[in-house]
Amino acid sequence: MAWVLKMDEVIESGLVHDFDASLSGIGQELGAGAYSMSDVLALPIFKQEDSSLPQENETKHPPFQYVMCAATSPAVKLYDETLTYLNQGQSYEIRMLDNRKAGDIPEINGKLVKSIIRVVFHDRRLQYTEHQQLEGWKWNRPGDRLLDLDIPMSVGVIDIKTNPSQLNAVEFLWDPTKCTSAFIQVHCISTEFTPRKHGGEKGVPFRIQVDTFKQTENGEYTDHLHSASCQIKVFKPKGADRKQKTDREKMEKRTAHEKEKYQPSYDTTVLTECSPWPDTPTTFVNNSPTPAPTFTSAQHNTYSVPDSNSSSPNHQGDGTSQGSGDQLHPSATIQETQQWLLKHRFSTYTRLFSNFSGADLLKLTREDLVQICGPADGIRLYNALKSRSVRPRLTIYVCQEPLRSIQLERQDAGNGDSSNGAIYVYHAIYLEEMAASEVTRKLALAFNIPLHQINQVYRQGPTGIHILVSDQMVQNFQDESCFLFTTIKAENGEGFHIILK
């Protein structure tokens, strides 16, 4: 205490102005040799003394502390940030601790606070393209989330919410005065965002970040209180345990001198203070109503991907209009380009390409689009721009036999011409699957027949026998075969059968 008082007298007397002056001032006041140089440098004399700045003890006591129950890696250099390995899908506890001193932030006493836990990219390069990276992950793993909260395991969390447009974040309310633990599950692995080149690539690191807010006067939790994060890598199940063991064995082989350059492994990971995530205040508060036009369109199209329009060349009678609508022309205006992007399920990139005309978008190379939109959506957008559709495995031509020529079913059925004046108009049926169910579905679409009313599809064989169309029969169809078909009422009076001739 005498030393602290003496130092205060030295500072107040004006003897300490800069580094050199501080050393000389201490020597004058305390006498040379009374304390070692290391004792002097350990004191906070380098800090700019200003009453407007927070005191040193305040910076050491953040209002909250978050501790994840997972061991840190021993293979981290002494002054580097800790690294923690997690298993995909495994529940890990994050303890939410009230670290306030008496009198700190009294306005939250007896009230709840909101915390948002998210998994984000550690690398700055991936942070810039986070939205595109996550959209690509979502496209490859529909229905999955990057981050989930294990609700049965969690303690003290209230009003848990997940936003469908924020797959990497969860939010909840909690009481700082009560014991609170949130168990999280990370479902993405680090190698999913690594470009595949030769195999065995190192996975990219993620960050677990916790942002905490208090309630404002209008009842919304947007007043930021505290943020902290830690660096992680996520492996396939049991992979984190193997990696931790490998790092430990490597460290055991190092000499004592080399070990001094590395951090020890701790049983838990303490999240360190950081800046709040940029879009944190509006992620869950204002995001629901505002992006409705964008995400409604995207969500609708997601569920309509496998519908009849997914058969790329199947125009089904109106091929001219559909073909002209599917192709983006160089003369397309900015507005037409935006409409084209929305129609082809690229609604998340309409803002990114808000100033692009058709010519601008068509000038982008495949590499450009992959870099901008990520691998999944980049390749899909490139193929859509170049009108690259999936080549059908089999093409057949089918015509519904006119009613007045049913009695003349064997007369000129193969050459598309009839002596009785009937006109035969064929529809092209493109099959992506060599299956009887695909034939039934495409026939129903092409001729506007309710699918549930078609009981069976037969092929007329020798002497007029009816042969059930099976997968094996479809696989033996010759490409570009021509068929006439008629419908007959089912024996039970419900629905009908289709007979291919």
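Numbering starts at 1 and runs along the sequence shown.
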Undergrad: Does the side chain of V204 come within less than 4.5 Å of H122's, by heavy atoms?
TA: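 Result no, sub-4.5 Å side-chain heavy-atom pair not found.
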Undergrad: Quick check: do Y221 and L173 have side-chain heavy atoms less than 4.5 Å from each other?
TA: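 Yes. Closest side-chain heavy atoms under 4.5 Å.
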Undergrad: Between the side chain of E336 and the main-chain N/O of L328, is any donor-acceptor distance below 3.5 Å?
TA: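 No, E336 side chain to L328 backbone: no donor-acceptor pair under 3.5 Å.
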Undergrad: Just one of Y426, Y397, F477 clears the ring pair (Phe, Tyr, Trp, His ring centres under 6.0 Å) bar with F483, so which one?
TA: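 With F483 as partner, Y426, Y397, F477 yield a single ring pair (Phe, Tyr, Trp, His ring centres under 6.0 Å), made by F477.
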Undergrad: State whether the number of non-hydrogen atoms from other residues, nucleotides or ligands found under 6.0 Å of R254 atom CZ is greater than 12.
TA: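 Yes, because the 6.0 Å sphere around CZ of R254 holds more than 12 heavy atoms from other groups.
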Undergrad: Excluding sequence neighbours, so at least two apart, what forms ring-ring contact (aromatic ring centres under 6.0 Å, His included) with F346?
TA: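 If we apply the ring-ring contact (aromatic ring centres under 6.0 Å, His included) test to F346, skipping adjacent residues, there are no hits.
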Undergrad: Of all heavy-atom pairs between H224 and P276, which one has the smallest distance, and what is that distance?
TA: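 Taking H224 first and P276 second, the nearest heavy atoms are NE2-CB, 3.5 Å.
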Undergrad: Please set out all donor-acceptor pairs under 3.5 angstrom arising from side-chain atoms of residues 141-154, sequence neighbours excluded.
TA:
residue, atom, partner, partner atom, Å
R141, NE, D144, OD2, 3.3
R141, NH1, H187, O, 3.1
R141, NH1, E192, OE1, 3.2
R141, NH1, E192, OE2, 3.1
R141, NH2, H187, O, 3.4
R145, NE, L147, O, 3.1
R145, NE, D148, OD1, 3.3
R145, NH1, N163, O, 3.4
R145, NH2, Q166, O, 3.1
R145, NH2, A169, O, 2.7
D148, OD2, H187, NE2, 3.1
D150, OD2, S91, OG, 2.6
S154, OG, D150, O, 2.8
S154, OG, F183, N, 3.1

Undergrad: Who pairs with H226 by ring-ring contact (aromatic ring centres under 6.0 Å, His included), at least two apart in sequence or on another chain?
TA: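 H226: ring-ring contact (aromatic ring centres under 6.0 Å, His included) contacts with Y66.
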Undergrad: Output the distance between atom OG1 (T486) and atom NZ (K501), rounded to the nearest 0.5 Å.
TA: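 The distance works out to 4.0 Å.
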Undergrad: Identify whether the distance between the nearest side-chain nitrogen and carboxylate oxygen of D241 and K245 falls below 4.0 Å.
TA: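 K245 and D241: not salt-bridged.
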Undergrad: OH/Y262 to NZ/K77 distance, rounded to the nearest 0.5 angstrom?
TA: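 Spacing of OH (Y262) from NZ (K77) equals 4.5 Å.
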Undergrad: Is it the case that the side chain of K442 and the backbone of Y430 share a donor-acceptor pair, with hydrogens and angles ignored and the cut-off at 3.5 Å?
TA: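 Confirmed, K442 side chain pairs with Y430 backbone.
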Undergrad: Residues in side chain to side chain donor-acceptor pair (under 3.5 Å) with N218, at least two apart?
TA: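 For N218, the residues satisfying side chain to side chain donor-acceptor pair (under 3.5 Å) (neighbours in sequence not counted) are T216.
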Undergrad: Would you say the side-chain atoms of S481 pair up with the backbone N or O of I396, donor to acceptor, closer than 3.5 Å?
TA: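 No, the answer is negative, given that no donor and acceptor are paired below the 3.5 Å cut-off.
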Undergrad: Any side-chain heavy atom of I117 within less than 4.5 Å of one from I208?
TA: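 I117 vs I208: side chains touch.
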Undergrad: Closest approach of Y92 and C69, non-hydrogen atoms and distance?
TA: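 So the minimum-distance heavy-atom pair works out to CD2-O, 4.0 Å.
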Undergrad: Provide the closest heavy-atom pair for E81 versus S229 in the form atom of the first, atom of the second, distance.
TA: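 Heavy atoms of E81 and S229 come nearest at OE2-O, 4.4 Å.
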Undergrad: At what distance, to the nearest 0.5 angstrom, does CD1 of I189 lie from CZ of F206?
TA: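 Rounded to the nearest 0.5 Å, the CD1-CZ separation comes to 8.5 Å.
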Undergrad: Can you confirm whether D267 is buried at CG, in the sense that more than 12 heavy atoms of other residues, nucleotides or ligands lie under 6.0 Å from that atom?
TA: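 12 or below, so no.
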Undergrad: Please tell me if the side chains of T365 and D368 come closer than 4.5 Å, counting only heavy atoms from C-beta onward.
TA: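 The answer is yes; the side chains approach within 4.5 Å.
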Undergrad: With a 6.0 Å cut-off (strictly less than), is the heavy-atom count around NZ of K259, excluding the residue itself, greater than 12?
TA: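 Enclosed: over 12 neighbouring heavy atoms sit under 6.0 Å from NZ of K259.
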Undergrad: Closest heavy-atom contact between Q244 and Y85?
TA: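 Smallest heavy-atom distance, with atoms named: OE1-CD1, 3.3 Å.
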Undergrad: Using 0.5 Å steps for rounding, measure from the OH atom of Y382 to the CD atom of E367.
TA: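 The CD atom of E367 is 8.0 Å from OH of Y382, to the nearest 0.5 Å.
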Undergrad: Step by step, would you call V119 with I184 a side chain to side chain contact (heavy atoms under 4.5 Å, CB included)?
TA: CA-CA 10 Å; V119 55; I184 62 167; over 6 Å; no
Undergrad: Give a yes or no on whether the backbone of T333 and the side-chain of T337 come within a donor-acceptor separation of less than 3.5 Å.
TA: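 Yes, the answer is positive, given that a donor and an acceptor are paired below the 3.5 Å cut-off.
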Undergrad: Side chains of I454 and F496, heavy atoms from C-beta outward: is any pair under 4.5 Å?
TA: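 Side chain of I454 against side chain of F496, heavy atoms only: contact under 4.5 Å found.
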Undergrad: Charged N to carboxylate O below 4.0 Å: is that the case for R441 and E433?
TA: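 The answer is no: the pair does not qualify as a salt bridge.
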Undergrad: Got a second to check how far W137's CH2 is from N168's CG, nearest 0.5 Å?
TA: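 These two atoms lie 9.5 Å from each other.
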Undergrad: For K253, is there any backbone N or O sitting under 3.5 Å from a side-chain donor or acceptor partner on E258?
TA: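 Judged by distance alone, no pair lies under 3.5 Å.
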Undergrad: Within this structure, what is the OG-CG distance for the pair S73 and D247, rounded to the nearest 0.5 Å?
TA: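 With rounding to 0.5 Å, OG (S73) is 4.0 Å from CG (D247).
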Undergrad: List the atom of S181, the atom of V157, and the distance in Å for their closest heavy-atom pair.
TA: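 Looks like O-CG1, 4.2 Å.
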Undergrad: Counting only pairs under 3.5 Å, give me each side-chain donor-acceptor contact of residues 230-240, with atom names and distances, residues two or more places apart or in other chains.
TA:
residue, atom, partner, partner atom, Å
K233, NZ, G203, O, 3.3

Undergrad: Between Q338 (side chain) and T350 (backbone), is there a donor-acceptor pair under 3.5 Å?
TA: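 Present.
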Undergrad: Carefully, step by step, assess Q263 and T72 under the rule side chain to side chain contact (heavy atoms under 4.5 Å, CB included).
TA: CA-CA 9 Å; Q263 302 179 21; T72 61; 5.7 Å; no
Undergrad: Within the 4.5 Å heavy-atom criterion, are I116 and F213 side-chain neighbours or not?
TA: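 SC-SC contact between I116 and F213 confirmed.
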Undergrad: I'd like to know whether F353 forms a side chain to side chain contact (heavy atoms under 4.5 Å, CB included) with L381, so could you lay out the CA-CA distance, the side-chain angles of the two residues, the decisive distance to 0.1 Å, and finally the verdict.
TA: CA-CA 12 Å; F353 296 118; L381 179 54; 4.0 Å; yes
Undergrad: Below 6.0 angstrom between ring centroids: does that apply to F356 and Y349?
TA: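 No: the rings miss the under 6.0 Å criterion.
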Undergrad: Take atom CD in Q478; do more than 12 heavy atoms of anything else shown fall under 6.0 Å from it?
TA: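 No, because the 6.0 Å sphere around CD of Q478 holds 12 heavy atoms or fewer from other groups.
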Undergrad: Pair F64, M96 - check side chain to side chain contact (heavy atoms under 4.5 Å, CB included), show working.
TA: CA-CA 7 Å; F64 303 105; M96 317 291 289; over 6 Å; no
Undergrad: Out of T180, T212, D211, which one pairs with S115 under the side chain to side chain donor-acceptor pair (under 3.5 Å) rule?
TA: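 Single pass found, and it is T212.
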Undergrad: Which residues pass the side chain to side chain contact (heavy atoms under 4.5 Å, CB included) test with N455, not counting sequence neighbours?
TA: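 Checked N455 against side chain to side chain contact (heavy atoms under 4.5 Å, CB included); matches are A490, N492, H497.
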Undergrad: Do T440 and S437 come close enough that some side-chain heavy atom pair is under 4.5 Å?
TA: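 No - every pair of side-chain heavy atoms lies 4.5 Å or more apart.
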Undergrad: Can D377 and R380 be counted as an ion pair, charged N to O under 4.0 angstrom?
TA: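 Salt bridge between D377 and R380, a charged N being under 4.0 Å from a carboxylate O: yes.
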Undergrad: Any sub-3.5 Å donor-acceptor pair from D223's side-chain atoms to K214's backbone N or O?
TA: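 The answer is no, because no donor-acceptor pair under 3.5 Å joins these two groups.
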Undergrad: Do you know which two heavy atoms are closest between D471 and A435, and how far apart they sit?
TA: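 Minimum heavy-atom separation between D471 and A435: OD1-CA, 3.4 Å.
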Undergrad: Counting C-beta onward and ignoring hydrogens, is there a side-chain heavy-atom pair between R248 and M251 closer than 4.5 Å?
TA: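 A side-chain contact under 4.5 Å is absent here.
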